[in-house]
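The structure under discussion appears below in the form of structure tokens.
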Amino acid sequence: MTFYVSTPIYYVNARPHLGHAYTTIVADVVRRFQSMRDSQTYFLTGTDEHGDKVVQAAQKQGVSPRVYVDQISRLFRDLWPELNVRPDRFIRTTDSDHMAVVTEVLRKIHAAGDIYFSEYEGLYCFGCERFYAERELQEGRCPIHESEPELIRESNYFFRMSRYQGWLIDHLQSHPDFIRPERYRNEVLAFLREPLGDLCISRPKTRLTWGIPLPFDEAYVTYVWFDALLNYVSALGYPDGELFHRFWPAAQHIVAKDILKPHGIYWPCMLKAAGIPVYRHLNVHGYWNIEQRKMSKSLGNVIEPLEMRNVYGLDAFRYFLIREMTFGLDANFSESAMVQRINADLANDLGNLFSRVLSMTHKYFDGAVPELDPEVGRQYGLGLGPDARRTVDEYERAMEAFELHKALAAVWEFIGRMNRAIDIAAPWELAKKPATRKQLEAVIHSLLKGLRLISGLIYPVMPDTAARMQTHLGLDPEALYYALRDLRLWKPVPSGTRLPKTVMLFPRIEAAGEPAGASPAPPAAERGPETKPEATLEDFQRIDLRVATVLSAEPVPKAKKLLKLEVDLGERRTIVSGIAAHYTPEALVGRQVVIIANLRPVKLMGVVSQGMLLTAESEDGPVLILPEKPVAPGSGLR
RNA sequence: GGCGAUGUAGCUCAGUUGGUCAGAGCAUGCGGCUCAUAUCCGCAGUGUCCGGGGUUCAAAUCCCUGCAUCGCCA
């Protein structure tokens, strides 16, 4: 069996956030699941780097598109290993092999007559550098610039997608799970009830140069679709690559619902036109809302995946994402929900189960797995075998169907079954009398067996925890302990195995400093008019406050209020601050100030500022916040 | 505005083809155990199944309509 999983290539106009992390972790989970069944796997992710939004973002930062995309792309590439995600390839649409494939496929489809040249007429806003459909306009004006767009004509190349509509409908009908969950298949079918238009696939170089040139017309570059979607085959070395032959078309694409149409309609049509077999499944997931609201930069509620990992632990974070979201539907992300899940599912159910079983093994058998007569085992064991089998069956079915939350629910049902079995068997009673020693041995054997199974099943979602469990069961964490075939064998932890000292897998998270029953944030009306919404300690810790020594200071030319400071906080930083009206450069040099060190860089009067100086707002203007006595440059604050 | 989806206990959500379907987990209350991370086990509630119409012997489940939220509209 081969299994090829992909995430979308992420557009580099923003830093990676929770949504990116979720999609990519899902891909990692299903890939690890496939490795449990001996599948050969290939895992692709990467970045989408062409287009006008990238050019604009680069301009804003005052750098070339190349420098800009290198910078953002690296943020994505470096993030994944931090989340225990290791793709086989990180593709960039600026990679030369990818660009060559795009060129080749365009040439081929053009030669076959499915790309044609045509005039396009539309309402164009020069401010936005884009066309608007009439219904997008507000009272005939651009919703952003409030200016009246102009009617312009532009010639462009079009992909004859309409030709493949009938084929695609047939394919969707003969492959009911081509797009899943079903709701998204229905959505695509609904869309296909209307005649499909053709797809504009180019931009004139007069408007956009940051793209892949069309092989049949040097005056144009490719516009998004062929450039981006073809990454799924170019990464494998289409058309002749060994990987391509091995893994295509066993492809599982994973996308969020906002890009359903390109992946569910454009991409299959493109593949068909190029004579490439269509991919196997498109798996569509919903959105994470943050504290009931949409995640957006302007709301300031962007969740930083690394921050979550640092605060709650990587496996707990991965578990929460996979367990909390019904794959396909939207879900809410909140730290309080995560704490609840960690305490209830991980600390209480799993962690405590693990702890009680291991501690009993230590207490009653001195940490060595007891000998067991098979007959005694049959008679006095907990009879978990049938449950174990049902659990593995449901787990495998759900994983296979991308119902990842259900796969975890199945494992936790088994965990609950084990906790109940312990109460009924009451090993602490059996331990009191020598007469029930044999029964005690059988019970402990059953329980260790159960833990062994659980550690295998949680491997895709919580690989580190799975390995820790193996270690503490005296087993080899380097082995393929999670092979599904072996897990079905319901194997015991061998008698005589010595168990290391037990550990807490997941400590409970207690509400920090809050007395029990403390009410949540009071309604805004009860607070002072100037207070901001309640922030958690984690919110505060997100801000990197540091002491910096001012090395030099000079006015910014033509700016009345701005000073450009060079500061030392362990490294050199340039900071632009609006305090020129109240502080002279001389008054600052050599002093220690407090800055926000992880603020997004901004360009002020042509100078990039890599931080912000902290000042108090007074009626006489800004007043510097200074340490009471000298400290090492770069010292953190709390 | 058009297309589509979602709206079920305090919270997050299951509910296949209309008939023990009014459920689960968490949170809450009470009881039990003591191996365990103040953990575990048992019991107990609470619901105009978004509102309004309709079809039917029977609707959370089908139809119409309204409201709210989300996605897409090259």
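Numbered from 1 within each chain, the chains take letters A, B, ... in sequence-line order.
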By nearest nucleotide on RNA chain B, pick out whichever of A/Lys406 and A/Pro507 is the more 5' one. A/Lys406

Identify, between A/Arg203 and A/Glu324, the residue whose nearest nucleotide on RNA chain B lies closer to the 5' end. A/Glu324

Do any of residues 357-365 of chain A sit with a heavy atom less than 4.0 Å from RNA chain B, and if so which? A/Ser359, A/Met360, A/Lys363, A/Tyr364

Under 4.0 Å, heavy atom to any atom of RNA chain B: which of residues 423-451 of chain A qualify? A/Asp423, A/Trp428, A/Glu429

Taking atom [atom1] in both [N] and [M], compute the distance separating them and give it to the nearest angstrom.
| N | M | atom1 | value |
| --- | --- | --- | --- |
| B/G4 | B/G51 | P | 23 Å |
| B/G7 | B/U61 | P | 12 Å |
| B/U6 | B/A14 | C1' | 15 Å |
| B/A44 | B/A24 | P | 10 Å |
| B/C70 | B/U28 | P | 31 Å |
| B/U48 | B/G2 | C1' | 33 Å |
| B/U55 | B/C64 | P | 15 Å |
| B/C26 | B/U39 | P | 13 Å |

Separation of [N] [atom2] from [X] [atom1] (nearest whole Å):
| X | N | atom1 | atom2 | result |
| --- | --- | --- | --- | --- |
| A/His263 | B/C72 | NE2 | P | 14 Å |
| A/Asn419 | B/G42 | CG | C1' | 14 Å |
| A/Ile115 | B/A74 | CD1 | P | 20 Å |
| A/Phe320 | B/C13 | CZ | P | 10 Å |
| A/Arg356 | B/U37 | CZ | P | 11 Å |
| A/Leu192 | B/C73 | CG | C1' | 14 Å |
| A/Met325 | B/C11 | CE | P | 19 Å |
| A/Ile422 | B/G42 | CD1 | P | 13 Å |

What contact category does A/Ser355 fall into here, base, sugar-phosphate, or nothing, at under 4.0 angstrom with non-hydrogen atoms? base

Using a 4.0 Å heavy-atom cut-off, does A/Gly197 contact any base of the nucleic acid, only the sugar-phosphate backbone, or nothing at all? nothing

pair [X]-[Y]: side-chain heavy atoms closer than 4.5 Å:
| X | Y | value |
| --- | --- | --- |
| A/His472 | A/Lys501 | no |
| A/Leu451 | A/Leu353 | yes |
| A/Tyr232 | A/Pro8 | yes |

Presence of salt bridge, A/Arg160 and A/Asp198, under 4.0 angstrom: no

Output one letter per nucleotide in nucleotides 2-9 of chain B: B when a protein non-hydrogen atom lies under 4.0 Å from the base, S when only the sugar-phosphate is that close, - when neither is. --SSS---

Test of understanding: with side-chain hydrogen bond (donor to acceptor under 3.5 Å, both in side chains), list the residues that count as partners of [X], not counting sequence neighbours.
| X | value |
| --- | --- |
| A/His285 | A/Thr23 |
| A/Thr391 | none |
| A/Asn231 | none |
| A/Arg180 | A/Gln252, A/Asn283 |

When you check the phosphate oxygens OP1 and OP2 of B/U39, does a side-chain N or O of A/Arg508 lie under 4.0 Å from one of them? yes

Could you tabulate the donor-acceptor pairs under 3.5 Å formed by side-chain atoms of residues 421-431 of chain A, not counting sequence neighbours?
| from | atom 1 | to | atom 2 | distance (Å) |
| --- | --- | --- | --- | --- |
| A/Asp423 | OD1 | A/Arg356 | NH2 | 3.3 |
| A/Glu429 | OE2 | A/Lys432 | NZ | 3.4 |

Which one is paired to [N], where only Watson-Crick or G-U wobble pairs with both distances under 3.5 angstrom count?
| N | result |
| --- | --- |
| B/G25 | B/C11 |
| B/U16 | none |
| B/G42 | B/C30 |
| B/C70 | B/G4 |
| B/A36 | none |

Should the ring pair A/Trp167 and A/Tyr164 be called parallel, tilted or perpendicular, given that the plane angle runs from 0 to 90° and is split at 30 and 60? perpendicular

Tell me, which pairs form a side-chain hydrogen bond (donor to acceptor under 3.5 Å, both in side chains) where one or both residues lie in residues 181-192 of chain A, sequence neighbours left out? none

For nucleotides 22-27 of chain B, give me every protein contact, N/O to N/O, under 3.5 Å, one pair per line with atom names.
| from | atom 1 | to | atom 2 | distance (Å) |
| --- | --- | --- | --- | --- |
| B/C26 | O2' | A/Gln340 | OE1 | 3.0 |

By nearest atom, which of the nucleotides B/A74, B/U37, B/G71 is closest to the A/Leu199 side chain? B/A74

Can you tell me which nucleotide in B/G15, B/C13, B/U37 comes closest to the side chain of A/Leu505? B/U37

Of all pairs that satisfy ring pair (Phe, Tyr, Trp, His ring centres under 6.0 Å), the ones with a partner from residues 346-370 of chain A, not counting sequence neighbours: none

Nearest heavy-atom pair of A/Ile415 and A/Asp349: which atoms, and what distance? CG2-O, 3.6 Å

Donor-acceptor contact present, side-chain A/His20 to main-chain A/His17, <3.5 Å: yes

Using the benzene-type ring in the case of Trp, are the ring centres of A/Phe402 and A/Phe327 under 6.0 Å apart? yes

Side-chain donor-acceptor contacts of residues 152-159 of chain A below 3.5 Å, not counting sequence neighbours, with atom names and distances?
| from | atom 1 | to | atom 2 | distance (Å) |
| --- | --- | --- | --- | --- |
| A/Arg153 | NE | A/Glu121 | OE2 | 3.0 |
| A/Arg153 | NH1 | A/Glu119 | OE1 | 2.8 |
| A/Arg153 | NH2 | A/Glu121 | OE2 | 3.1 |
| A/Glu154 | OE1 | A/Arg207 | NE | 3.0 |
| A/Glu154 | OE2 | A/Asn156 | ND2 | 2.8 |
| A/Glu154 | OE2 | A/Arg207 | NH2 | 3.0 |
| A/Asn156 | OD1 | A/Ser202 | OG | 2.5 |
| A/Tyr157 | OH | A/Asp217 | OD2 | 2.8 |

